[in-house]
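Labels below follow one simple rule: chain letters A, B, ... track the order of the sequence lines, proteins then strands, and each chain is numbered from 1.
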2 protein chains.
Amino acid sequence: MAPKAYYDIHPKFHAAVDCIIFGFEEGELSLLLLQRDFEPAKGQWSLMGGFVEDGEDLDDAARRVVAELTGLSDLYMRQVHTYGEVERDPGERVLSTAYYALVNIKKYDRELVRAHNAFWVRLPEIPHLIFDHDRMVADALRFMRYQATVKPVGINLLPEEFTLTQLQTLYEAILGEPIDKRNFRKRIAQMDYIEKTGHIDKTLSRKGAALYRFNREKFDGNFKI
Amino acid sequence: MAPKAYYDIHPKFHAAVDCIIFGFEEGELSLLLLQRDFEPAKGQWSLMGGFVEDGEDLDDAARRVVAELTGLSDLYMRQVHTYGEVERDPGERVLSTAYYALVNIKKYDRELVRAHNAFWVRLPEIPHLIFDHDRMVADALRFMRYQATVKPVGINLLPEEFTLTQLQTLYEAILGEPIDKRNFRKRIAQMDYIEKTGHIDKTLSRKGAALYRFNREKFDGNFKI
DNA sequence: ATTGAAAGTGTATTTGCAACACTTTTCAAA
DNA sequence: TTTGAAAAGTGTTGCAAATACACTTTCAAT
C-alpha cells in the first residue's frame with residue numbers, strides 16, 4: 001500500500017465547481033447568473049458555484065450545486081474544463097471545474113432562484129463576471145455548441161413535447177445563425193428518434209403545429225458518441 | 001473581501017495531474033508508461049503523474065511532470081478531463097486532471113526515461129493501468145483523435161521537416177484506418193500552411209521524397225479553433 | 001368571405017468526399 | 001549497361017450530402 005507520507009508531503013487545495021446553466025426561452029439562449037449578495041465579490045455577477053465536500057464525487061458536487069439553485073436534478077450536464085491558475089481566485093487558492101447544465105426553463109424552482117438572487121440573462125446581455133467566469137462561459141458555450149452539432153443535446157432545453165419550429169429556433173439560437181426551414185425539417189425527418197406524438201400545439205398558430213418528442217431508446221440504439 | 005472563514009469551512013484535497021504522452025515511430029502511436037518501482041501500486045503500470053504544488057498553475061504542473069520524465073518543455077499539451085470520484089485513488093482522496101502531450105519521439109531524454117523505469121508501449125499493446133488510468137487513456141485518445149481531425153495537431157509528433165508519406169502514416173495511426181494516398185495529398189495540397197522546404201529525404205527511397213514543414217504563422221492566420 | 005399568421009412541403013444545383021491504378025525516379029545489383 | 005526493386009508522385013469519375021430557393025395549406029378571428 002501507499003505510505004501515508006507519500007501523500008502528506010504534498011499540499012491540498014480547495015476544489016470548487018462552477019456551473020454554466022443554459023436555458024432557452026423566446027428564441028434566445030440565457031444563462032442563470034447570480035448577482036452576489038454575499039462575499040466574496042459581493043455585488044458582482046458570477047456563475048453558481050460551490051465547494052466539493054468530503055465524500056462527494058466531483059460530478060455530484062456539480063449536480064448538487066445546480067440543484068441548490070434550480071431544484072432540478074437529472075439535468076444534462078457535462079464537464080467543460082478545470083481552471084487551476086494560482087491567482088484565479090484572489091481569496092485563496094481554489095481549483096475550479098466548470099460544468100454546463102441544460103435546463104428546461106419552464107421547470108426550475110422560481111423561489112429558489114429568487115432566494116439566491118439569481119436571474120436569467122440573455123446571452124448577448126451577459127455582464128462581466130467575477131474571477132475567470134467570463135472565460136468559463138466562453139469555453140462552455142463553445143463546447144456546448146460543438147456537442148450540439150454532433151448529438152441532439154439541445155433537446156434538453158425544450159419541454160418533453162415540442163414543435164419543429166421550436167426546435168429550429170433553438171438550434172438557430174445555439175449556432176447563432178439562421179437555418180433554412182425545409183432543409184432543417186428534411187434533416188429532422190431522417191432522425192427516427194425524433195418522433196411525432198400525434199398531439200397538436202395550437203398556442204402559436206391557428207393551424208396548429210405537430211408536437212414531437214425525443215425517443216432516447218431509439219437514439220441510443222443508433223448512435224455512440 | 002472574502003472572509004477567510006468562507007473558505008475554511010470547506011475541505012481541501014490533493015490535486016494531481018496525469019499525463020498521456022503520445023509518441024509516433026515506425027507507423028505506430030505509442031504511450032510513455034511507467035512500470036512503477038515505487039509505491040503506491042509498485043510493480044504495476046501507470047501514467048506519469050504528479051501532485052500540484054503550492055504556487056504552481058495546474059497547466060504548469062502538467063508541463064513539469066512531462067518535463068521530469070522526458071526532459072522536454074514546450075510540448076503541445078491539452079487538458080483532457082478531471083477525475084474526481086471519491087474512491088478513484090484507494091490511498092487518499094485525490095482529484096486528478098489528465099493532460100495529453102505530443103512528443104517527437106526522436107528528441108526525448110533517454111536517460112531520464114530509463115531512470116523512471118518508463119517505456120514506450122505501442123497502443124494495441126497497452127497493459128492494464130492502475131486506478132482509473134485506463135479510462136484516462138481512452139478519453140485522451142478520443143480527444144486527441146477528434147482534435148486531429150480539426151487541426152493538424154499531429155504535426156507535433158513529427159520532426160521539423162517531414163515527408164508526405166510520414167504525415168500520412170501518422171494520420172493513419174491516429175485515426176486507426178488506412179487513407180487513400182491521392183486523396184490525402186489533395187487535401188494537404190489545399191493547406192498552404194504545410195509547405196515544401198525544397199529539401200529532399202533520401203533515407204527511405206532511391207527517388208527521394210520532398211520534405212515539408214508546418215508554417216505556424218500561415219496556419220494561425222487561416223484558422224481559429 | 002376575407003385576412004392574417006404560422007405550418008408544412010419538393011426540386012435542382014453545387015460541393016465535398018470516396019474510389020480507383022499507373023508512371024516516374026533513382027540506385028544497386030546483376 | 002541493363003534490369004529490377006521500392007517508394008514517390010499524379011487525375012478523373014461517381015456519388016452522396018448539403019444548399020438554395022417560394023409557394024400552398026390550414027383555420028380562427030373578424
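Between B:K218 and B:D192, none of the side-chain N atoms (NZ, or NE/NH1/NH2) sits under 4.0 Å from a carboxylate O, so this pair counts as no salt bridge.
Comparing atom distances between the B:R182 side chain and each of C:dA7, C:dA21, C:dT24 picks out C:dA21 as nearest. Residue A:R185 has its side chain nearest to C:dT9 when only C:dT9, D:dG11, D:dG9 are considered. Ranking D:dG9, D:dC27, C:dT9 by closeness to the A:R206 side chain, first place goes to D:dC27. Ranking D:dT19, C:dA7, C:dC20 by closeness to the A:N183 side chain, first place goes to D:dT19. Side-chain proximity of A:K207 to D:dA28, D:dG9, D:dT26: nearest is D:dT26.
The distance from atom CZ of A:F184 to atom C1' of D:dC21 is 18 Å, rounded to the nearest whole Å.
Annotation: B:E160, atom CD; neighbour count of heavy atoms from other residues, nucleotides and ligands within 6.0 Å does not exceed 12.
Counting non-hydrogen atoms under 4.0 angstrom, A:T165 reaches the backbone sugars and phosphates but no base.
If you check distances only, the side chain of B:K186 does reach the base of D:dT12 with a donor-acceptor pair under 3.5 Å. One N or O donor and one acceptor, one from the side chain of B:K181 and one from the base of D:dG9, sit under 3.5 Å apart.
Across every non-hydrogen atom of B:A62 and B:C19, the tightest pair is O-SG, 3.8 Å.
Taking side-chain N and O atoms only, B:K202 has a distance below 4.0 Å to OP1 or OP2 of C:dC27.
No option in B:D59, B:L47, B:D18 other than B:D59 meets the side-chain contact (heavy atoms from CB on, under 4.5 Å) test with B:Y99.
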